[in-house]
Amino acid sequence: MKKVLLMGNPNVGKSVIFSRLTGTSVTSSNYSGTTVEYKKGLFKYNDENIELIDVPGTYTLDPTNKAEEVAVEMIKEGDLVFNVIDATNLERNLNLTLQLLEKDIPVVILLNMWDETKHKGININLEKIEEELKVPVIPTVATTGNGLKEALDHLDYEKIKAFKELTVDQRWKKIGHIINEVQKIDHKHHSKKELIEEYTLKPLTGIPIAAFVLYLTFVVIRFIGEGLIGYIAEPIFEGPYRSLLILISNFLNEGGFLHDLFIGQLVNGQIDFEQSFGLLTTGIFIPFAAVLPYIISFYFVLSILEDSGYLPRLAVLVDNLMHKVGLHGFSIIPMILGFGCNVPAALAARNLDSKREKFIASTLMSISIPCMAQTAMIIGLVGAFGGRYVVYVFTVLFVVWIVVGLLLNFFMPGYSSDLLIEIPTLRLPVISIVFKKLWMRTKNFLKEAIPFVLLGVLAVNIMYALGFFDFLTRFLGPLFSTLFGLPKEVISALLMGFLRKDLAMGMLAPLDLTIKQLVVASTILTVYFPCVATFIILFKELGLKDMLKSAAVMVLTAITVGTVLNIGFNSIYSISITLVLIILLIYILYRLTSKKHQRIID
Amino acid sequence: MYNENEYQYILGDDLIMTGKIVSLSFLKEGESGVVFNFKGGEKFRKKLDSLGIRKNKRIKKVSDMVLRGPITIQIENSSRIAIGRGMAEKIMVRINNR
């Protein structure tokens with residue numbers, strides 16, 4: 001099968017072209033031995049099967065990072081390169097093109113964003129550029145699909161135009177020469193769009209815009225999520241699915257082992273989707289009816305934000321704050337992802353530069369970012385007592401995020417790298433591509449998270465049957481009861497939170513807790529451990545040692561925060577006491593680990 | 001080559017210009033200048049080079065984030081790049097006397 005590589009600088013519309021050319025048979029995987037992800041898709045052209053590979057965005061083949069190293073490796077495996085270049089930024093893009101032309105592989109150039117050259121007063125002479133580069137150059141507009149057919153007609157282009165390898169200076173000189181020959185720029189005044197784009201970056205206007213965008217994001221996520229639950233999920237579960245379960249329940253007989261496993265406990269003789277705790281009742285209801293609708297709406301909004309080019313602007317605005325906690329602006333991405341589901345967020349943290357950043361980002365994300373399922377439960381549990389308690393919980397989480405971040409940054413050796421990113425122009429997302437992305441992400445979520453949910457419910461049911469929870473509750477209950485002021489029953493819910501936090505919160509609902517206890521319990525649940533699925537990812541990404549360290553930070557923070565909230569729930573001092581205690585605990589932890597360090601150095 | 005912040009240099013054969021060399025972080029929002037040189041090492045230069053930030057390129061400072069946040073520049077006829085403060089301080093730019 002013919003292997004076609006789609007290569008180009010970041011932000012040139014490469015992935016839009018990829019989406020347009022490939023069907024739904026897209027898989028994304030890691031390049032062997034690395035954490036660099038790439039996408040692969042199949043399509044048929046003139047009865048020939050073609051494999052299209054979306055190579056990670058690269059500025060140069062003289063690698064400056066891991067993604068670029070992978071790109072260089074991939075060239076060796078391809079049969080043809082489709083080099084996508086941004087027509088409005090010819091000079092910089094040609095740097096990669098010339099380097100590609102020096103390699104031993106045929107190259108076809110897709111001159112993308114062709115429509116935008118007119119608005120920007122850029123004139124490119126197509127004949128001349130083909131003459132200079134000596135390979136086919138096809139103008140394309142990825143967002144509408146214009147020119148892609150012509151590009152495909154060059155799929156069997158085989159001529160290799162191996163230019164002589166140049167030095168960096170020689171190459172820029174040559175690019176300068178080509179630009180002079182093929183491009184003319186009419187100077188145009190600042191367009192309105194450019195002005196708006198600059199407003200999104202300046203502090204005085206950018207920060208209010210960012211606040212508005214984030215507010216809008218959450219409103220839309222909630223609106224779509226509730227809509228999906230109210231109009232699709234609930235009617236299905238309450239209607240046909242309940243009838244089916246009643247049949248199964250009658251068949252299995254209440255009280256039997258299989259009934260306990262699949263249906264769970266009946267509440268007032270009825271199946272209660274949130275409290276029955278059977279594999280087929282709660283085990284199916286929570287992921288599909290309570291979480292999935294929010295995940296879908298979250299990914300929908302995220303894809304729009306991504307494709308509009310707004311996210312890098314957000315990174316610039318928060319870079320400063322992120323530096324204080326040892327990260328840089330771009331780590332806002334895993335943080336935002338975490339609000340959807342912690343699993344993809346932990347995966348996104350792998351794209352950060354250093355091991356230190358990965359550790360800090362995943363730990364902070366796991367501690368303080370409640371996923372959509374948790375948020376829904378927090379709102380359901382404490383929101384019933386008034387919105388201000390929801391705000392209370394989120395404020396505490398934010399303070400914890402900052403404090404733990406400051407401490408990790410202070411005590412961990414090393415420093416955070418500086419931000420250096422291209423800010424793409426703002427553009428309207430192509431709706432068909434947004435939906436395609438949404439489909440891919442949802443599919444991945446179902447594949448990666450659902451098995452763990454079912455496994456979690458299964459494990460809990462078995463442990464419950466074996467009396468494991470009773471044992472732990474009796475053992476740890478008194479301690480936690482005094483520290484957190486919570487009744488013993490809550491402790492089993494907290495322990496259960498390791499497997500699925502959303503389920504754990506569901507267990508709290510029928511316990512008739514006071515608002516104070518609910519706030520304490522839901523905060524502890526958010527802070528102390530991520531769900532088992534996230535945990536496995538943390539283990540894979542950080543390694544055993546760092547994962548355990550991260551878990552230690554989580555437990556320490558949870559105990560501190562829980563105790564402080566219990567003591568000073570209504571007092572304004574509670575937050576300051578939290579600060580002091582967390583500082584002490586983490587300081588001790590790092591003193592212990594760094595002492596070993598010193599000994600080795602001595 | 002240049003003395004303190006004042007210097008003279010020759011552009012082409014006959015055009016003599018004067019200017020001030022400052023680090024990128026000293027530029028005001030909306031002000032532009034020409035990249036003069038870099039204080040960082042080879043790796044740093046390579047990174048900037050691949051992003052299109054090279055000697056003699058005209059750049060404009062678009063924004064300067066509060067509290068020592070990153071600086072965003074617009075490279076003439078090219079892209080917008082956000083640069084952390086530490087890096088921005090290592091990029092020297094020639095500006096006309098204010």
Side-chain angles (χ1 to χ4, degrees), chain A residues 9-11 58-65 68 86 88-93 95-96 99 120-122 168-169 172 179 183 185 187 194 197-207 312-313 315-324 328-330 415-425, chain B residues 11-12 23-25 27-32 34-35 37-93:
Chain A
N9 286 185
N11 307 313
T58 38
Y59 290 110
T60 165
L61 296 182
D62 185 8
T64 57
N65 60 36
E68 289 178 343
D86 177 356
T88 66
N89 194 352
L90 203 53
E91 185 178 356
R92 194 196 65 202
N93 279 260
N95 185 31
L96 177 70
Q99 292 181 50
K120 292 200 167 175
I122 300 168
V168 176
D169 288 334
W172 282 118
I179 293 286
Q183 180 178 272
I185 298 180
H187 267 284
E194 269 169 64
E197 288 186 338
E198 291 189 358
Y199 281 143
T200 61
L201 289 161
K202 289 179 180 169
L204 215 61
T205 43
I207 294 170
R313 292 169 159 78
V316 171
L317 291 167
V318 299
D319 182 60
N320 202 5
L321 174 68
M322 297 306 242
H323 261 284
K324 300 275 183 293
H328 67 68
F330 231 66
Y415 58 93
S416 53
S417 55
D418 253 353
L419 185 80
L420 185 63
I421 49 165
E422 188 182 343
I423 311 287
T425 52
Chain B
L11 185 79
S23 93
L24 179 55
S25 58
L27 245 63
K28 290 177 189 158
E29 263 185 26
E31 199 174 8
S32 50
V34 175
V35 177
N37 68 0
F38 308 100
K39 281 182 173 171
E42 189 54 39
K43 216 179 148 191
F44 173 63
R45 210 164 304 193
K46 216 167 94 176
K47 248 184 174 169
L48 293 180
D49 186 275
S50 69
L51 284 164
I53 304 173
R54 291 179 290 123
K55 263 187 200 178
N56 296 329
K57 279 252 122 185
R58 177 162 281 277
I59 57 176
K60 189 184 96 176
K61 189 170 188 173
V62 173
S63 104
D64 192 330
M65 198 45 62
V66 282
L67 301 166
R68 298 180 55 77
I71 285 163
T72 312
I73 59 165
Q74 169 81 53
I75 308 169
E76 194 180 31
N77 296 331
S78 184
S79 44
R80 251 184 228 114
I81 313 271
I83 307 171
R85 177 77 47 164
M87 282 186 178
E89 276 167 359
K90 291 184 193 158
I91 301 173
M92 305 307 288
V93 180

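All chains are named by letter (A, B, ...) in the order of the sequence lines, taking the proteins before the strands, and each is independently numbered beginning at 1. Keep in mind it's a predicted model, so treat the numbers as computed, not measured.
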Please state whether the side chain, the backbone, both or neither of [X] comes within less than 4.5 Å of a heavy atom of chain B.
X	value
A:D62	both
A:E91	side chain
A:V168	side chain

Quick one: does [X]'s side chain get under 4.5 Å of [Y]'s, heavy atoms only?
X	Y	value
B:R80	A:E194	yes
B:K39	B:M92	yes
B:I59	B:L24	yes
A:N95	A:Y59	no
B:T72	A:E198	no

Over 12 non-hydrogen atoms of neighbours within 6.0 angstrom of NZ in B:K60: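 For B:K60, atom NZ is crowded (more than 12 foreign heavy atoms under 6.0 Å).
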If you count heavy-atom pairs under 4.5 Å between each of [options] and chain B, which one has the most?
options	result
A:E422, A:R313, A:M322	A:E422
A:L204, A:L201, A:T60, A:T425	A:L201
A:L317, A:L90, A:N65, A:T88	A:L317

Under 4.5 Å from a heavy atom of chain A, the part of B:D49 involved: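 Looking at B:D49, backbone and side chain both touch chain A.
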Region of B:K55 that comes under 4.5 Å of a non-hydrogen atom in chain A: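 For B:K55, there is no contact with chain A at all, as no heavy atom is under 4.5 Å.
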Main-chain N/O of B:L27 paired to B:K61 side chain as donor or acceptor, under 3.5 Å: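 Confirmed, B:K61 side chain pairs with B:L27 backbone.
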For chain A, the option from [options] that forms the most heavy-atom pairs under 4.5 Å:
options	value
B:A82, B:G86, B:S63	B:A82
B:G52, B:G69, B:S50	B:S50
B:K46, B:K47, B:R85, B:Q74	B:K46

A:K202: partners by salt bridge (Lys or Arg N to Asp or Glu O under 4.0 Å), with sequence neighbours left out: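 Once residues adjacent in sequence are excluded, A:K202 has no partner under the salt bridge (Lys or Arg N to Asp or Glu O under 4.0 Å) criterion.
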